[in-house]
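For reference, the structure is listed below as structure tokens.
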There are 2 protein chains.
Amino acid sequence: MKYVGKNIPRNDGFDKATGLGQFTMDVSMPHMLYARVLRSPYAHAKVVKIDTSAAEALPGVVTVCTFENTTNKPFNTSATMVTTPRPAEPVRDQTIFTDEPKYIGDEVAAVAAETEAIAAEAIKRIKVEYEVLPAVYDPVEALKPDSPEVQPLYGNKEHHNVCGEIVRVTFCEHEPYSDEALERGFAQADVIVDADIKLPRVKQCQMEVHAAVASYKANGTLEIISTTQTPTPTKMIVAYAFDLPESKVRVRNPPYLGGGFGVRIGISGKAELLAAALSMKALRPVKIVYSREEDFIASDTRHGGYMHARLGAKKDGTFLALDTTAKLNTGAYCTFGVELLAVCGVCGTAGTYHIPYLRYMGYPVYTNQQTAGAFRGFGTPQGTAVVEACVDKLAKVLDMDPIRLRKMNTMKPDDKNFFPFSVGSVGTNECLDKAAAEIGWYEKRGKVQTGNKRRGVGIACNTHVSNAAPFCVDYNAVNMIIEQDGSLRINTAIPEIGPGSTTALIQVACDLLGVPFETTTIIFGDSAAAPFDIGSHATRTLYSVSQVMEDAAAELKADILSYAAGKDFLDTDASALTLENGIISGNGKEMTLKALAYEAHLKGKQFLVSKCKVPDNSLPFAAQAAEVEVDMELGLVKVLKIAAAHDVGKVINPRLCEGQVEGGVLQGVGWAVREEMTYEEGKGFYNTGFHKYMLPTADDHPEIISILVESNDPKGTFGMKGIGEVGCIPTLPAIFSAVEDATGVRFEEAPLTPDRVLAGLKAAGKI
Amino acid sequence: MKYVGKNIPRNDGFDKATGLGQFTMDVSMPHMLYARVLRSPYAHAKVVKIDTSAAEALPGVVTVCTFENTTNKPFNTSATMVTTPRPAEPVRDQTIFTDEPKYIGDEVAAVAAETEAIAAEAIKRIKVEYEVLPAVYDPVEALKPDSPEVQPLYGNKEHHNVCGEIVRVTFCEHEPYSDEALERGFAQADVIVDADIKLPRVKQCQMEVHAAVASYKANGTLEIISTTQTPTPTKMIVAYAFDLPESKVRVRNPPYLGGGFGVRIGISGKAELLAAALSMKALRPVKIVYSREEDFIASDTRHGGYMHARLGAKKDGTFLALDTTAKLNTGAYCTFGVELLAVCGVCGTAGTYHIPYLRYMGYPVYTNQQTAGAFRGFGTPQGTAVVEACVDKLAKVLDMDPIRLRKMNTMKPDDKNFFPFSVGSVGTNECLDKAAAEIGWYEKRGKVQTGNKRRGVGIACNTHVSNAAPFCVDYNAVNMIIEQDGSLRINTAIPEIGPGSTTALIQVACDLLGVPFETTTIIFGDSAAAPFDIGSHATRTLYSVSQVMEDAAAELKADILSYAAGKDFLDTDASALTLENGIISGNGKEMTLKALAYEAHLKGKQFLVSKCKVPDNSLPFAAQAAEVEVDMELGLVKVLKIAAAHDVGKVINPRLCEGQVEGGVLQGVGWAVREEMTYEEGKGFYNTGFHKYMLPTADDHPEIISILVESNDPKGTFGMKGIGEVGCIPTLPAIFSAVEDATGVRFEEAPLTPDRVLAGLKAAGKI
């Protein structure tokens with residue numbers, strides 16, 4: 001392989017470093033209007049009366065949209081290709097504007113005007129009379145039968161305030177699952193431990209806020225340039241909401257976007273829908289750029305809530321049964337609530353270890369808060385947090401080394417698990433060993449700490465996914481074309497949301513086909529320039545698109561070689577020919593692909609393929625070891641080092657992989673010790689910007705050592721698995737474990753802010 | 001057929017009528033610079049010294065490009081897929097900037113600056129020292145051996161100032177062609193007549209001037225948004241000129257452009273190249289919009305020059321031999337000089353009539369004037385003008401009705417002709433009869449006219465092409481995709497240059513596949529969103545793209561029906577199923593394509609095809625009859641009426657067809673009686689804007705009756721042939737014939753301006 005495994009500099013680097021790259025906020029169109037949104041100041045209210053006349057009278061205002069003049073067809077802002085665990089129809093509980101806002105920030109009206117200042121002024125002039133209604137904010141409170149009902153129309157009929165359904169993930173290795181079988185599993189256990197953890201709502205904090213420019217034409221076409229990380233699904237949702245044919249809706253990136261982390265899957269933040277609704281009325285392009293405050297209070301967050309787990313094992317440490325419950329706050333609308341709770345169960349509780357009896361119950365709970373949705377890890381971090389806490393507790397009870405305990409229970413390639421795919425390659429134990437070695441586990445763990453600043457080490461391991469299967473149909477489709485000069489062009493609707501995937505994809509394509517990197521281009525992030533594709537999320541970009549490129553490149557190469565073998569050219573046996581670095585050779589003959597393509601075009605022959613594939617999933621495995629220092633007086637937890645060992649199957653571009661690991665770890669650090677969205681009843685979330693949201697700063701950045709383990713997955717192209725999300729998952733439990741090692745206290749609520757740490761230390765009698 | 005034949009309103013109509021459609025001049029990009037060009041004031045000179053320092057010192061100037069700092073790799077601005085009559089390599093005689101300007105307007109330098117005003121000021125500050133060199137302007141003068149040599153490096157070595165080669169089109173029906181055979185043909189003739197015509201250089205006068213926005217990135221990609229009518233070939237030319245891989249160059253329309261008429265094929269006017277050269281130095285987007293003056297003096301025109309023909313016939317009128325010579329002014333650079341002279345011979349002299357012995361000699365002649373290139377008709381108008389003059393003269397000599405004479409000699413479906421394709425359907429005689437009837441031929445022709453205002457009628461017939469074959473490889477490629485909701489999306493790189501082809505293509509696609517027009521979309525005019533395609537020219541858009549869609553739709557339909565026939569769906573025999581209006585039915589069962597596509601996507605199945613095709617050509621035939629009124633005192637020729645009968649094979653959209661005919665006729669009227677570019681030695685062309693160029697006004701607009709004849713071509717999809725260019729071709733000879741009928745004088749020079757008419761009438765003793 002000429003390119004795979006190499007540190008090829010990313011193609012988008014120059015654009016981004018110099019500021020020349022185009023982002024949605026840079027987009028300008030003739031006759032373009034600017035939009036602003038009126039949001040509900042109440043967590044739950046009825047709009048009794050809305051008067052937009054003063055806004056409409058303001059010079060420069062072109063269009064005012066409300067629930068009264070805009071389609072109220074209910075939709076769901078998640079992708080619509082979901083197949084597991086529920087059928088294809090998502091819970092459609094949301095409209096573009098509402099006459100019954102369900103959280104502080106809910107969209108009541110929007111204005112399009114000649115300038116942003118006029119739009120902002122017009123918003124102030126919309127008079128709304130509200131009748132305030134009762135609200136509920138906490139998922140456990142919301143599950144109580146007497147709490148206010150958040151979604152009377154769309155909530156679960158049997159389970160109060162459950163969104164969609166209670167998600168059950170169950171598994172018995174040797175018999176059909178039943179709750180009785182599970183209890184038989186627990187009955188065989190010598191030891192049963194349990195753990196709780198309360199997790200905060202945290203925000204993606206992607207660098208670029210939500211933005212969209214929508215341009216609806218009287219001929220019925222709608223073009224949207226936006227910050228979406230899923231151009232095709234976003235197209236489908238928009239087409240559905242407005243009853244437009246999907247062929248007439250085009251969604252594309254401009255082409256760059258400043259990070260995703262899940263917040264741009266489907267539609268979160270509604271920028272596309274709001275701009276489109278206004279453009280359809282104005283018949284002019286409409287641009288909307290969220291403020292950072294709007295991004296914070298009115299777009300999806302990570303699900304916070306309550307996790308409980310019970311783990312039974314034999315006295316030698318062999319895991320027997322695991323029973324986990326998740327009660328997570330999905331907020332006012334469903335979005336990905338159901339799927340995320342499913343992934344929490346499947347990947348967060350059932351993926352890492354071999355456990356013969358397993359049950360998981362996930363409650364996606366409606367509350368009158370802003371919606372939670374996709375965020376890097378998509379439920380797996382929550383599941384992992386509580387399971388790893390249980391494993392640590394078991395190690396303590398059994399007085400076993402936590403690493404030895406983990407290694408004897410990790411999933412093996414031939415194990416059966418909940419996925420309908422084979423487990424594939426498993427590098428978990430190698431990851432555990434390497435992370436342990438790097439952190440100095442055996443020298444540092446369990447050493448008695450005294451004094452004010454106490455150090456400890458901890459470890460956690462986990463899995464996640466390499467694509468979205470089987471939760472949704474993991475479509476990938478590409479066109480591959482050899483240009484007249486022999487250069488390769490790849491068209492895919494997959495976007496480049498930041499990780500450099502479009503560079504790594506070219507590395508893979510060039511090695512698959514045998515052509516030079518320098519003459520290869522990828523056209524990406526445009527739903528109209530490529531076939532159907534479900535976008536960049538679920539760690540799937542490089543893994544899944546590579547698999548369809550594998551098929552496309554094989555067909556393309558066969559076509560090229562067979563044409564080159566013809567009488568007009570090499571006049572030989574095609575099976576003897578190879579294509580390497582753009583040169584076709586074999587049987588002592590050779591010619592360049594450049595020369596062949598040129599001649600082929602003159603003869604009316606093009607080399608082009610369209611391929612579509614729905615690949616299986618492969619499980620990436622990881623272990624991270626943390627070293628922390630706890631200030632017993634101030635309650636400050638400083639994360640000193642994270643040794644992050646990741647089984648990526650095969651490294652495609654080491655630097656890009658490390659970037660994913662480091663970014664993930666830092667998000668994990670923030671989740672564990674700094675970040676938290678704080679709700680103030682009657683006011684909404686306190687955190688409306690970076691000055692009020694404690695994202696880790698440079699000072700909080702631990703030393704991060706990325707260790708890339710290559711297990712050569714049998715399904716992944718060149719043996720690869722995904723890396724995009726997995727880096728943020730084990731960091732929190734590893735830090736909690738290290739804090740326990742340092743202080744003797746296992747905390748059960750994140751983040752480990754000073755007040756929480758001091759209270760915990762005090763309650764445990766440590767200070 | 002549900003849509004073919006119907007007056008479906010054009011999809012781009014609303015955008016264009018309201019001003020909301022985006023054109024290149026509307027494009028704005030962050031960090032965009034504006035360009036202006038320094039052009040040579042001399043028809044031929046050597047740049048002795050160029051000093052750009054004062055321009056570079058001007059605040060706001062970012063980049064100055066000249067031949068000293070820009071690639072001087074010679075290129076040809078025509079497409080590079082030409083196969084007939086010469087091999088694939090075109091005459092590459094041009095560079096982006098020159099140190100030896102060859103016409104007044106030739107590009108010497110260009111500036112990119114923060115504003116257009118700064119760029120314009122900077123241009124003035126470039127100091128150039130020229131050494132003036134001898135020049136030649138007339139093609140007959142230029143062919144003389146002692147005239148100045150225009151292209152010493154690239155001109156024909158044997159034939160002074162011939163560009164490329166002398167184009168010979170020869171044909172003998174019953175023996176191999178030889179000049180002796182030709183003379184044997186003439187020797188059998190009872191009558192031989194000859195005719196001359198001198199034709200002016202005329203301008204396309206498309207509504208939108210040339211413009212481009214080029215954006216080169218440090219990662220080696222170049223994106224150009226421009227007014228090109230050939231995105232893919234323009235991409236190829238740009239990639240060639242700058243030595244970039246074709247995959248890294250993207251050329252697209254924004255998506256609209258204001259007319260083409262040939263002036264935007266390949267690169268004429270260099271907007272794309274100039275913007276790209278500046279952007280590659282500045283590493284910022286650069287926008288260039290030509291002024292109307294630059295468009296007039298520095299982009300391709302129609303070839304003017306001298307046509308001579310000699311026609312031999314039996315005394316019953318049967319044509320025996322035709323010998324034509326064209327000496328056309330191709331200007332300073334080749335562009336399409338050679339191909340155009342070939343089409344002049346093949347379509348203009350060899351296409352309309354059955355003539356057993358035929359020779360055509362075409363001289364593309366270099367002069368020190370601006371370049372002539374593609375213009376609606378592409379050489380056929382020049383050939384038709386002189387051949388029709390001969391036919392009229394023969395009718396006069398033989399005292400035959402010109403229509404009867406034509407009808408007995410027109411090409412028949414089984415005739416052999418010069419094309420490597422069968423003739424196909426022929427509607428010429430029906431066209432002649434219908435045009436004659438509409439104009440009142442038999443009542444009006446040959447009536448003695450007296451008084452000051454004299455009326456006459458004339459007629460002419462002709463052919464042209466329905467695509468670019470065999471002159472170049474007539475590529476068409478499309479992707480067709482059924483979206484998840486059953487709607488159809490078609491991707492083709494073909495642009496919409498104005499005729500409404502993208503609407504007609506949807507009509508054809510919907511009838512081919514059996515889906516509704518309302519849910520079908522075409523993505524067009526983007527070299528990166530579709531496979532290779534040679535663009536909108538040669539009357540090919542609807543004709544050729546329909547043929548590849550025919551293949552694509554057949555494969556797509558078969559895939560759909562076979563999937564629908566499966567056990568999960570209709571569970572029947574696929575061959576019993578049909579798809580009509582989006583409904584799949586057969587054997588008493590039915591389901592919608594919408595439902596099938598939705599379910600298919602959930603099962604991992606997409607309906608998508610990529611197809612490529614190089615179709616044969618079909619000959620469209622036409623006859624136009626003109627009625628004119630000549631003011632004997634003022635010399636004014638007023639065209640009263642044109643009856644334009646066109647064999648289009650099959651009408652796809654009557655209103656769009658009529659639009660093509662009417663626009664073509666009006667360009668023919670302008671060519672015949674008004675338009676002319678007048679060269680002033682030392683100053684250049686006088687015609688620098690519409691105030692100095694006599695485009696027909698509303699007052700000059702004759703009554704135009706479009707008669708659409710359907711001959712059902714065996715090759716064309718649904719029987720269609722092309723209509724885009726043919727409308728402008730027979731108008732001039734029909735008007736000349738009518739003027740002769742009115743005045744008794746056959747003029748031999750166009751346009752029939754008052755001074756020329758008066759001089760001619762006087763010379764003939766008519767006044």
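In the text below, chain A, chain B and the rest are named by the order of the sequence lines, each starting its count at 1.
Put simply, the side chain of B:Y240 does not reach to within 4.5 Å of the side chain of A:D485, judged on heavy atoms. Residues A:H601 and B:V473 fail the side-chain proximity criterion, which asks for heavy atoms closer than 4.5 Å.
Of the listed residues (A:L283, A:I482, A:I490, A:D526), the one with the most heavy-atom contacts under 4.5 Å to chain B is A:L283. Listed options B:S247, B:A529, B:G13, B:P245 were ranked by heavy-atom pairs under 4.5 angstrom with chain A; first place goes to B:S247. Options B:T519, B:N479, B:L608 differ in how many heavy-atom pairs under 4.5 Å they form with chain A, and the most are formed by B:T519. Contact count against chain B (heavy-atom pairs under 4.5 Å) is highest for A:P30 among A:G19, A:S610, A:C612, A:P30. Contact count versus chain A (heavy atoms, under 4.5 Å) is highest, among B:E483, B:K217, B:E246, for B:E246. No other option in B:I522, B:V614, B:L20 has as many heavy-atom pairs under 4.5 Å with chain A as B:L20. Interface summary for chain B: among A:R284, A:K605, A:M29, A:K594, the most heavy-atom pairs under 4.5 angstrom belong to A:K605. When A:S28, A:A528, A:G486, A:A239 are compared by the number of non-hydrogen pairs under 4.5 Å with chain B, A:A528 comes out ahead.
Heavy atoms closer than 4.5 Å to chain B are found in both the backbone and the side chain of A:N11. At a 4.5 Å heavy-atom cutoff, A:R10 makes no contact with chain B through either its backbone or its side chain. Interface residue A:D26: backbone and side-chain heavy atoms are both found under 4.5 Å from chain B. Of the two parts of A:S527, only the backbone, made up of N, CA, C and O, holds a non-hydrogen atom closer than 4.5 Å to a non-hydrogen atom of chain B. Heavy-atom distances place the backbone of A:T520, and not its side chain, under 4.5 Å from chain B. If you measure heavy-atom distances from A:K235 to chain B, the contacts under 4.5 Å come from the side chain alone.
The structure places CD1 of A:I523 at 8.0 Å from CD of B:E223, a figure rounded to the nearest 0.5 Å. The distance from atom CG of A:D15 to atom OG1 of B:T221, rounded to the nearest 0.5 Å, is 7.0 Å. With rounding to the nearest 0.5 angstrom, the CG atom of B:L244 is 10.0 Å from the OG1 atom of A:T521.
B:A600 approaches A:Y475 most closely through the heavy-atom pair O-OH, 3.7 Å. A:A477 approaches B:Q606 most closely through the heavy-atom pair CB-NE2, 3.9 Å. Taking each heavy atom of B:F532 and A:Q484 in turn, the nearest pair found is CE1-CB, 4.0 Å. Looking at every heavy atom in both residues, B:A530 comes nearest to A:R489 through O-NH2, 2.9 Å.
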